[in-house]
Amino acid sequence: MSISHAPPSASGPDISDIPGKDAPLELEPLVPTSSRRTRVPRWLRRTTGPVVLVLLWQVLSATGVLTSDVLASPGRIAQVGSDLIADGSLASAMGTSLQRVAAGLLLGTLVGTGLALVSGLFRIGEDLVDAPVQMLRTVPFVGLIPLFIIWFGIGEAPKIAIITLGVTFPLYLNVYAGIRGVDSQLIEAGESLGLSRWGLVRHVVLPGALPGALTGLRYSLGIAWLALVFAEQVNADSGIGFLMVQARDFLRTDVIVVCLIVYAFLGLLADFVVRSLERLLLQWRPTFTGR
């Protein structure tokens with residue numbers, strides 16, 4: 001008995017019998033695990049901490065745990081702040097303090113950046129500049145206030161000098177580190193493309209040092225506000241520090257807290273400006289922004 005086998009089809013198995021063969025394929029998008037969680041608006045998350053702190057403060061004040069002679073309540077501070085704004089004293093003090101910070105920040109930026117460029121770009125500049133700067137930066141700038149008073153008197157000059165000194169060293173360190181942190185292979189690539197020394201500085205070194213410079217600027221702004229607090233204790237007759245000195249003499253904790261809040265918001269505003277500059281000037285640098 002012979003058994004005949006049908007030859008297999010040359011075109012492969014017949015798929016006409018597969019159910020749903022004419023249905024379109026649907027692709028299911030892959031969603032990262034971090035994106036599957038419920039997203040809370042970032043502004044809400046950032047304001048939760050301060051709001052909770054203020055509520056706790058109000059509760060402690062209302063229950064008598066914090067007395068008014070130790071720390072005024074948030075409601076009292078809001079009322080005092082409104083009064084200072086209404087009579088114009090707070091706006092005048094803020095204007096004077098902002099002028100001092102702006103002048104000191106400008107001078108400190110010029111001095112710190114200039115010294116960092118000289119020290120970072122030239123070996124002879126590093127030999128001449130870096131050691132004296134490293135020695136001076138270890139001296140607390142607050143300790144130089146008596147010398148500044150002797151040198152510059154008790155006017156605006158010592159106040160601006162204190163802020164300038166506080167700004168100079170953080171900016172110097174970060175700009176210098178940014179310059180020396182540029183990849184040497186990028187320098188070699190620029191030289192192979194025929195860039196001159198100025199071309200290397202302009203197109204390779206300075207862009208590479210810009211992230212460090214902006215970080216130094218953020219840090220310098222924080223030091224500038226800290227230096228302003230000390231500077232306005234030197235025979236000041238205007239400014240936020242002057243309001244604090246007057247409030248200290250009369251044991252007005254509410255006015256002192258209002259001035260501290262103003263310092264904090266001005267510092268936060270300055271930091272926001274620098275972070276906006278970072279986003280604008282460093283668009284070419286992809287960075288991790290958290291998850």
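Remark: side-chain polar atoms of Thr96 are paired, donor with acceptor, to backbone N or O of Ser92 under 3.5 angstrom. In this structure, Ser192 contributes its side chain and Ala189 its backbone to a donor-acceptor pair below 3.5 Å. Ser97 places no side-chain N or O within 3.5 Å of a backbone atom of Met94 that could act as its donor or acceptor partner. Judged by distance alone, the side chain of Trp225 and the main-chain N or O of Val101 form no donor-acceptor pair under 3.5 Å. Of the possible polar contacts, none joining the Ser119 side chain to the Leu115 backbone as a donor-acceptor pair under 3.5 Å is found. Remark: the backbone N or O of Ala78 is not paired with any side-chain donor or acceptor of Ser82 at under 3.5 angstrom.
Using a 4.5 Å cut-off on side-chain heavy atoms (C-beta onward), Tyr176 and Ile179 make no contact. Between Thr215 and Tyr219, the closest side-chain pair of non-hydrogen atoms is not below 4.5 Å. Using a 4.5 Å heavy-atom cutoff, the side chains of Ser61 and Pro74 are in contact. Here the side chains of Val167 and Tyr172 are not in contact, with every heavy-atom distance at 4.5 Å or above. Annotation: side chain of Leu266 is in contact with side chain of Ile240 (closest heavy-atom distance under 4.5 Å). Residues Glu232 and Met244 fail the side-chain proximity criterion, which asks for heavy atoms closer than 4.5 Å. Under the 4.5 Å side-chain criterion, counting only non-hydrogen atoms from C-beta, Gln134 is in contact with Leu173.
For the atom pair CZ of Phe230 and CD1 of Ile163, the computed distance is 12.0 Å after rounding to the nearest 0.5 Å. One finds the CG atom of Leu217 at 8.5 Å from the CD atom of Glu278 (value rounded to the nearest 0.5 Å). To the nearest 0.5 Å, the span separating CD1 on Ile162 from CG on Leu226 amounts to 11.0 Å. Note that CZ of Phe122 and CG of Asp127 are 13.0 Å apart. Values are rounded to the nearest 0.5 Å. Interatomic distance, CG of Leu165 versus CD1 of Ile223, reported as 11.0 Å (0.5 Å rounding). Atoms CG and OG1, on Leu260 and Thr253 in that order, are 10.5 Å from each other to the nearest 0.5 Å.
Under a 4.5 Å side-chain heavy-atom cut-off, the cluster of Ile, Leu, Val, Met, Phe, Trp and Tyr residues that includes Val52 has no other member. Alongside Phe272, the hydrophobic cluster contains no other residue (criterion: ILVMFWY side chains under 4.5 Å). In the hydrophobic clustering, Leu55 connects to Val51, either directly or through intervening members, whenever side-chain heavy atoms lie under 4.5 Å apart. Leu193 shares a hydrophobic cluster with no other residue; no ILVMFWY side chain has heavy atoms under 4.5 Å from its own.
By the salt bridge (charged side-chain N to carboxylate O under 4.0 Å, His left out) test, Asp271 is found to be paired with Arg218, residues two or more places apart in sequence or in another chain being considered. Arg252 pairs by the side-chain contact (heavy atoms from CB on, under 4.5 Å) definition with Arg76, Val80, Ala247, Phe250, Asp254, Val255, not counting sequence neighbours. Among residues two or more places apart in sequence or in another chain, the side-chain contact (heavy atoms from CB on, under 4.5 Å) test is passed with Leu56 by Leu60. Residues that satisfy the side-chain contact (heavy atoms from CB on, under 4.5 Å) test with Val245, not counting sequence neighbours, are Gln233, Arg248, Asp249. The side-chain contact (heavy atoms from CB on, under 4.5 Å) search around Gln246 returns Phe242, Leu243, not counting sequence neighbours.
In plain terms, the two heavy atoms of Gly81 and Val258 that are nearest each other are N-CG2, 4.0 Å.
By the rule that hydrophobic residues join a cluster once side-chain heavy atoms approach within less than 4.5 Å of another member, Val182 and Trp198 end up as members of one cluster. At a threshold of 4.5 Å between side-chain heavy atoms, the hydrophobic network of Ile, Leu, Val, Met, Phe, Trp and Tyr places Val262 and Leu221 in one connected group. By the rule that hydrophobic residues join a cluster once side-chain heavy atoms approach within less than 4.5 Å of another member, Phe265 and Ile85 end up as members of one cluster. Residues Leu128 and Val175 share a single hydrophobic cluster, defined by chaining ILVMFWY side chains whose heavy atoms lie under 4.5 Å apart. Both Leu121 and Ile124 sit in one connected hydrophobic cluster of ILVMFWY residues. Membership requires side-chain heavy atoms under 4.5 Å apart, directly or through other members.
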Output side-chain donor-acceptor pairs under 3.5 Å for residues 203-210, partner residues at least two apart or in another chain, one line each.
none

Show every donor-acceptor pair shorter than 3.5 Å between a side-chain atom in residues 105-113 and any protein atom, with sequence neighbours excluded, or say none if there are none.
{"residue": "Thr109", "atom": "OG1", "partner": "Leu105", "partner atom": "O", "Å": "2.6"}
{"residue": "Thr113", "atom": "OG1", "partner": "Thr109", "partner atom": "O", "Å": "2.8"}

All N/O donor-acceptor pairs, side-chain side in residues 140-158, below 3.5 Å, sequence neighbours left out:
{"residue": "Glu156", "atom": "OE1", "partner": "Arg100", "partner atom": "NE", "Å": "2.9"}
{"residue": "Glu156", "atom": "OE2", "partner": "Arg100", "partner atom": "NE", "Å": "3.4"}
{"residue": "Glu156", "atom": "OE2", "partner": "Arg100", "partner atom": "NH2", "Å": "2.8"}

message = Applying side-chain contact (heavy atoms from CB on, under 4.5 Å) to Phe169 and Val139, what does each step give before you reach the verdict?
response = CA-CA 11 Å; Phe169 298 124; Val139 178; over 6 Å; no

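With hydrogens and angles left out, the side-chain atoms of Gln58 and Ser73 include no donor and acceptor closer than 3.5 Å.
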